[in-house]
Amino acid sequence: MQDLDLQEIRLKLDQIDKNITALFEERMKLCGDVAAFKIQTGKAVYDGEREKQKLNTVRSLAHGDFNQQAVTELFSQMMTISRRYQYQLLGAQGRIPPAGFECVEKLNRENIRVVYQGTEGAYSHGAALRYFGEDVQAYHVPTWEDAMREVDENRADYAVLPIENSSAGAVSDIYDLLVQYNNYIVGEVLLEVNHALLGLPGSRIDEIRTVYSHPQALMQSSKYLNANKNWRQVSVANTAVAAKKILEDGDQTQAAVASETAGRLYGLIPLKTHINHNENNTTRFIIVTNRPVYQEGAKKISICFELPHKSGSLYNMLGNFIFNNVNMVMIESRPILDRNWEYRFFVDIEGTLDSAPVQNALMGIAQEAPGLRILGNY
């Protein structure tokens with residue numbers, strides 16, 4: 001008897017679902033009419049006050065706290081879907097505003113100046129040489145912000161900056177600088193982190209008493225270094241600074257943890273290679289310039305946007321990617337200075353700025369999120 005009752009309930013549910021689907025399609029047709037009106041009048045798709053009034057109305061029609069909350073969520077999602085549909089119709093009519101980027105066949109690599117943070121032999125230097133070639137005119141500055149400023153003020157054509165390490169995660173300060181300066185990402189390069197223990201010519205491992213390096217390099221090589229109990233580990237600004245110090249001090253009891261490239265540059269010898277315990281450790285560097293350009297064949301877009309501090313705001317924003325079949329490959333968040341508990345989100349997606357699905361998704365975010373910025377297509 002209970003099975004029969006359940007079957008009858010399911011049949012009723014099937015009929016209700018059929019009716020809901022028909023009503024939903026009728027609603028979406030009307031949304032298409034709304035989009036046609038907005039195309040004619042130039043009216044914005046997103047009307048936050050109208051949606052707020054609508055949600056309050058449908059909430060009042062439901063009975064009980066649970067149903068009131070549930071119907072609010074349901075209609076909120078339906079209105080989100082409606083906006084996505086309207087954005088697609090606007091895109092089909094060519095009503096999407098230009099992103100402000102120029103597509104170029106290739107980046108200029110002739111007679112350029114490239115800046116990086118650190119000193120000669122640092123991993124950022126190695127990344128610059130790998131991306132631009134060994135003959136590139138590259139120079140260094142003390143800080144990442146200095147590098148961004150060099151590009152912003154036209155003293156350098158490109159800057160090379162670390163943005164992510166496979167073991168240590170994101171370099172959060174770089175994200176903040178991407179917002180602070182009007183520079184654009186035009187490329188990226190992956191550089192394997194292979195630390196070596198470097199010493200003066202003629203020195204031996206059993207003579208070493210002090211090891212210098214960047215704190216992260218010391219951490220990444222801690223298993224090897226900590227096994228030598230009589231070694232004192234000292235932090236310095238970066239790995240190349242450590243190598244340079246060994247050369248300048250001329251003390252055979254000192255060693256540096258740095259790249260073999262830095263060793264060759266400063267005339268040091270590798271006492272032990274591949275001492276970092278994570279052999280797959282890789283740092284991703286970005287290439288930035290002050291012109292909003294992207295190369296033909298670019299495959300990744302980086303953006304950032306702010307969100308109001310309310311439930312579901314991130315979910316609704318990411319829905320722009322879902323409904324346009326745009327794949328998101330990375331998301332990071334950073335607190336917004338002087339605004340407690342509010343965050344700026346950094347997102348990488350697949351695609352190019354001339355792609356209709358990408359344009360539709362970005363248009364949706366631009367109308368709904370304060371402070372959307374396209375950081376680059378590369």
Side-chain angles (χ1 to χ4, degrees), residues 16-17 19-93 95-97 179 303-324 326 328 331 333-347 349 357-374:
I16 291 172
D17 291 343
N19 295 338
I20 289 174
T21 301
L23 289 171
F24 173 77
E25 290 189 327
E26 184 177 349
R27 190 182 197 282
M28 292 303 292
K29 183 178 182 302
L30 292 172
C31 289
D33 295 338
V34 170
F37 173 80
K38 291 179 177 178
I39 289 172
Q40 289 181 347
T41 61
K43 186 177 176 63
V45 169
Y46 180 59
D47 186 342
E49 188 58 35
R50 161 67 179 166
E51 292 196 5
K52 182 178 178 181
Q53 293 172 0
K54 182 68 176 178
L55 292 176
N56 288 336
T57 298
V58 296
R59 185 183 183 92
S60 68
L61 297 175
H63 302 86
D65 291 342
F66 182 86
N67 282 354
Q68 287 179 343
Q69 179 62 32
V71 81
T72 301
E73 293 176 6
L74 173 63
F75 273 81
S76 177
Q77 186 62 30
M78 286 176 60
M79 287 187 286
T80 298
I81 294 170
S82 170
R83 290 198 303 273
R84 307 293 178 265
Y85 179 50
Q86 292 182 52
Y87 292 140
Q88 289 182 2
L89 293 177
L90 286 171
Q93 293 291 323
R95 297 304 180 95
I96 295 178
V179 175
I303 66 171
C304 70
F305 53 83
E306 301 169 18
L307 286 181
H309 185 54
K310 65 179 184 180
S311 175
S313 58
L314 178 60
Y315 171 80
N316 288 332
M317 207 59 59
L318 297 183
N320 286 284
F321 302 131
I322 297 171
F323 288 98
N324 285 288
V326 174
M328 182 178 72
I331 183 168
S333 66
R334 292 287 295 152
I336 301 174
L337 293 178
D338 302 322
R339 287 158 57 182
N340 289 344
W341 316 120
E342 292 191 39
Y343 294 85
R344 181 177 289 111
F345 289 85
F346 295 82
V347 173
I349 59 175
V358 167
Q359 291 175 344
N360 291 338
L362 295 182
M363 180 178 175
I365 294 175
Q367 293 207 16
E368 298 167 33
L372 170 69
R373 275 191 59 188
I374 300 172

Is there side-chain contact between [X] and [Y], with at least one heavy-atom pair below 4.5 Å?
X: Phe75; Y: Glu51; answer: no
X: Val71; Y: Leu61; answer: no
X: His63; Y: Gln68; answer: no
X: Val358; Y: Asn324; answer: no
X: Asn320; Y: Tyr87; answer: yes
X: Ser76; Y: Asn316; answer: yes
X: Phe305; Y: Val347; answer: yes
X: Leu30; Y: Val34; answer: no

Exercise. So, Thr57 versus Gln53: side-chain donor-acceptor pair below 3.5 Å or not?
Worked result: no
Worksheet item: Distance only, no hydrogens: is a donor on one side chain within 3.5 Å (strictly under) of an acceptor on the other, for Glu73 and Gln77?
Response: no
Atom pair [atom1]/[atom2] of [X] and [Y] - distance to nearest 0.5 Å:
X: Leu55; Y: Arg50; atom1: CG; atom2: CZ; result: 10.0 Å
X: Glu25; Y: Ile20; atom1: CD; atom2: CD1; result: 13.0 Å
X: Tyr343; Y: Ser313; atom1: OH; atom2: OG; result: 12.0 Å
X: Gln86; Y: Gln88; atom1: CD; atom2: CD; result: 11.0 Å
X: Arg83; Y: Asp47; atom1: CZ; atom2: CG; result: 10.5 Å
X: Arg373; Y: Glu306; atom1: CZ; atom2: CD; result: 10.5 Å

**Request:** Might you confirm whether atom CG of Asn19 has over 12 heavy atoms from other residues, nucleotides or ligands at distances under 6.0 Å?
**Result:** yes
With a cut-off of 6.0 Å (strictly less than), are more than 12 heavy atoms of other residues, nucleotides or ligands near OH of Tyr315?
-> no
Please give me the minimum heavy-atom distance between [X] and [Y], naming the atom from each residue.
X: Ser82; Y: Met28; result: CA-CE, 4.3 Å
X: Arg344; Y: Val179; result: CD-CG2, 3.5 Å
X: Leu314; Y: Leu307; result: CA-CD1, 3.4 Å

